[in-house]
There are 2 protein chains.
Amino acid sequence: MGRSGGVTALLGIDYGGTHTKVLLAHERPSGLERVSAEIFRTPRSETALSELAGLVRGLVRSDRPSAFGMTVAGILDDASQTVVTSTNTPWLNGRAPARELAAQLGAPGVAVHDGAAAATAEAIMGAGRGRDDIFVLALGTGIAGAHVINGSVRRGAHGAAGEIGHVAFGTGRRCSCGQYGCLESEIGGTRLGARWDEERGAPPGSTARDVVDAARAGDAAAVRVLDAATSALAQSLLGVVALIDPGAIVIGGGLARSPKWIVEPAVAKATERATFHRLPPIMAAELGVWAGAWGAVLAARAAAGGTNASVLGQIRRVG
Amino acid sequence: MGRSGGVTALLGIDYGGTHTKVLLAHERPSGLERVSAEIFRTPRSETALSELAGLVRGLVRSDRPSAFGMTVAGILDDASQTVVTSTNTPWLNGRAPARELAAQLGAPGVAVHDGAAAATAEAIMGAGRGRDDIFVLALGTGIAGAHVINGSVRRGAHGAAGEIGHVAFGTGRRCSCGQYGCLESEIGGTRLGARWDEERGAPPGSTARDVVDAARAGDAAAVRVLDAATSALAQSLLGVVALIDPGAIVIGGGLARSPKWIVEPAVAKATERATFHRLPPIMAAELGVWAGAWGAVLAARAAAGGTNASVLGQIRRVG
C-alpha cells in the first residue's frame with residue numbers, strides 16, 4: 001500500500017449502527033480531495049469486519065490507501081484501541097476493530113470515537129475551519145458535545161467530557177440518564193416527538209422531523225414544543241459559554257438541518273438572555289452526514305504520519 | 001538582584017482590595033520554602049505601588065528576590081500586562097502594575113489574575129498536587145472556577161472561562177449577573193446571609209459565617225438555607241463532571257472552611273444523584289488565604305525562567 005501515482009490516498013470509514021459511510025480522499029497541496037464515497041447498510045454480526053473489508057476493497061480498487069480511520073459508536077479505549085461497549089454494534093465489544101481490519105486491508109488503521117471524529121472534522125474542515133477553539137454540539141437522538149482545541153478533542157480525565165446533553169437542571173422531566181431536566185430530555189430527537197404527541201394527546205411514535213414539519217405547517221402544539229426545546233438549548237449554550245468560553249460554537253446533527261426552527265431561535269434567545277457573556281460566533285455545521293467519515297479520514301491522515309494540527313485552516317474539501 | 005547565598009528567592013504579592021499578603025520563598029531541591037510572610041492593609045490610591053514597594057523592601061531586606069509575581073483583582077490583559085478594569089483597586093485601571101513595581105524593586109515581575117493564581121497554587125502545591133487535571137472552585141462572596149491542566153489555567157478564548165457561578169438554570173432568583181438561577185445566587189456568601197434573613201424575617205445584614213454558625217447552633221431556617229445551597233452546589237458539580245470530566249475537584253474559598261456544612265453535604269448529594277458520571281475525587285483546598293500569594297510565587301518562578309509544569313507534584317511547602 002502507499003501512494004498511488006504520487007498522491008497519498010486516505011480512507012475514512014464511518015461505521016454506524018445501521019449505515020456505514022466510506023470516503024476515499026487524496027491529499028493534495030490544496031487540501032483533501034474526495035475521490036469516491038459510498039453509503040451501504042452496516043455489515044453486522046461476528047463476520048462484520050471481513051464483510052466490511054470486502055466492501056472497502058471494492059470501493060478503493062487500485063487506489064490503495066496509505067492508512068484508514070474507522071469510527072466506533074460507543075466507548076473506545078483509545079490507548080488499547082479496544083471497544084469497551086457499543087450498544088449499536090455489540091459484536092465489536094472487546095475487540096480492536098481497526099487492528100483486525102488493518103490485517104485484512106494491509107494498511108495501518110486507527111479507531112476513533114464517532115462523535116469525536118465528527119466534531120474534529122467540523123472543527124478542522126467544516127464550519128470551524130481556521131479557528132483553534134471550537135465547541136461542537138450534535139443534536140440527534142442523543143445530544144453530544146465536544147470541545148476541539150487546536151484540532152484535538154478534549155476527551156476529559158476519563159474520556160467522558162462533553163456530555164452537554166446531560167448537564168442536569170435538577171428539576172423537570174426525568175431523562176434517560178436518570179437525572180432531571182437534562183437538555184437531552186428537552187431536545188433529544190425522540191423526546192421532541194414524544195413531547196409533541198403528549199402535547200396534542202396523540203399516540204406515541206412521532207419523530208423530531210415530524211414535529212418540525214408540523215410546526216412549519218402551523219401546528220400550534222409543535223410550535224410550543226419547539227419553543228420550549230430551543231429555550232433549553234439557549235440556556236445550555238449560555239452555560240457552555242460561561243464555563244468553557246469557546247472561540248466558536250458549531251451546531252450539527254439531524255435537527256440542525258432545520259435552522260429556522262432550531263438553531264436560529266436558540267441563538268436569538270441566547271443572544272437576548274446573555275448578560276456578562278462573551279457570546280462567540282454560533283454556526284450551523286457544514287459537513288452534514290459526512291462529518292464522521294471526514295473525521296475518520298483525518299484520523300487516517302494522523303496515522304499515516306501527518307499532523308492535523310499543523311494544517312489547521314488549510315484542509316479543505318476540494319472535491 | 002538574583003540569588004542570595006546560592007538560593008533563589010521568589011516573592012509573591014497577593015494584592016487584594018482590602019488586604020495584601022506578601023510571601024517570600026526560597027527554592028530548595030525539596031520544594032518551595034516559606035521564609036517570611038506578612039499581611040497588611042492594602043496601600044490605596046495613585047501612589048499605592050510606591051508604598052507597596054516600600055513595604056516589600058522592608059520585608060525582604062537583604063534577601064533580594066530573583067523575581068516577583070503580583071495578583072490583580074479584576075480583568076487583566078495577560079499579553080500587555082495591563083489592568084483592564086478592577087472594581088476593588090480602580091487606581092490600577094489602565095496601568096501595568098508589575099512593570100511599575102519591577103522598576104522600583106529592580107527585579108523582573110509578572111501580574112496574574114488573582115483567581116487564576118490561587119487556583120494554580122491549589123492545583124500544583126495544594127490539594128491537587130500530583131494530579132494534572134483539576135477543576136478548582138472558590139466559594140466566596142462570588143463563585144470562581146478554574147480548570148487547571150498541566151499546571152496552567154485554561155482561560156478560554158476570551159479569558160472568560162470558569163464562570164461556574166453563573167451557569168444559569170434559567171428559573172429561580174435573579175442573580176447579580178442578570179440571569180436567573182445561578183449557583184452564585186444560591187451559595188454566594190452575601191446571598192446566603194440574605195436568604196437566611198429573608199427566611200426568618202430578620203433585617204438584612206447577615207454574613208455566610210453567621211448562617212453557618214446559626215446552623216451549627218441548631219437554627220432550623222439556617223439549616224434549610226444551607227440545605228438548598230448545598231443542593232445547588234451538588235447540581236453544579238455534576239454539571240462540571242458531565243461537561244468537563246476533570247481528574248479531581250478542589251473546593252476552596254471562605255465557605256469551604258466549614259466542611260461539615262458545605263463541602264461534605266454537597267459531595268454526599270452529588271454522589272447520591274450521580275448516574276452515568278465518573279465522579280472524581282472532590283477535596284477541600286489546603287492553602288487557605290495564602291493560595292493567591294503562593295500562586296504569585298509560582299508566577300515569579302515562571303518569570304525567573306523556571307517552568308511550573310516540569311515540577312508538577314514536586315513543589316511542596318517545606319516551610
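Note on naming: letters A, B, ... go to the chains in the order of the sequence lines (proteins, then strands), and numbering restarts at 1 for each one. Since we're looking at a predicted model, the values are computed, not measured.
Only the side chain of A:L238 has a heavy atom closer than 4.5 Å to any heavy atom of chain B. Contacts between A:R155 and chain B at a heavy-atom distance below 4.5 Å involve the backbone alone (N, CA, C, O).
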Contacts under 3.5 angstrom, residues 139-149 of chain B side chains, donor-acceptor by atom type, not counting sequence neighbours:
from	atom 1	to	atom 2	distance (Å)
B:H147	NE2	B:D133	OD1	2.8

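Judged by distance alone, the side chain of A:D245 and the main-chain N or O of B:G159 form a donor-acceptor pair under 3.5 Å. Between the side chain of A:K269 and the main chain of A:D227, a donor-acceptor pair closer than 3.5 Å is present. With hydrogens and angles disregarded, no donor-acceptor distance shorter than 3.5 Å links the side chain of A:E286 to the backbone of A:E122. Side chain of B:N93 to main chain of B:S86: a donor-acceptor pair is present (N/O by atom type, distance under 3.5 Å, no hydrogens or angles).
Per-residue heavy-atom pair counts under 4.5 Å with chain A were compared for B:T275, B:L243, B:I244, and the maximum is reached by B:L243. Of the residues considered (A:G162, A:G247, A:S231), A:G162 shows the highest number of contacts with chain B, using heavy-atom pairs under 4.5 Å. Counting heavy-atom pairs closer than 4.5 Å to chain A, the top-ranked of the candidates B:G239, B:A160, B:A234, B:G165 is B:A160. Of the listed residues (A:G156, A:S236, A:A248, A:A232), the greatest number of heavy-atom pairs within a distance under 4.5 Å of chain B belongs to A:G156.
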message: Quick one, A:V240 with A:V167, criterion side-chain contact (heavy atoms from CB on, under 4.5 Å). Give me CA distance, side-chain angles, the key distance, then yes/no.
response: CA-CA 10 Å; A:V240 166; A:V167 172; over 6 Å; no
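Of all heavy-atom pairs between A:A242 and A:F276, the closest is CB-CZ, 4.0 Å. Nearest heavy atom pair, residue B:D114 against residue B:G74, reads OD1-N, 4.5 Å. In terms of heavy atoms, B:E264 sits closest to B:K260 at OE1-CA, 3.7 Å.
Heavy-atom neighbours of chain A within the stretch residues 176-195 of chain B, taken at a separation under 4.5 angstrom, comprise B:C177, B:G178, B:Q179.
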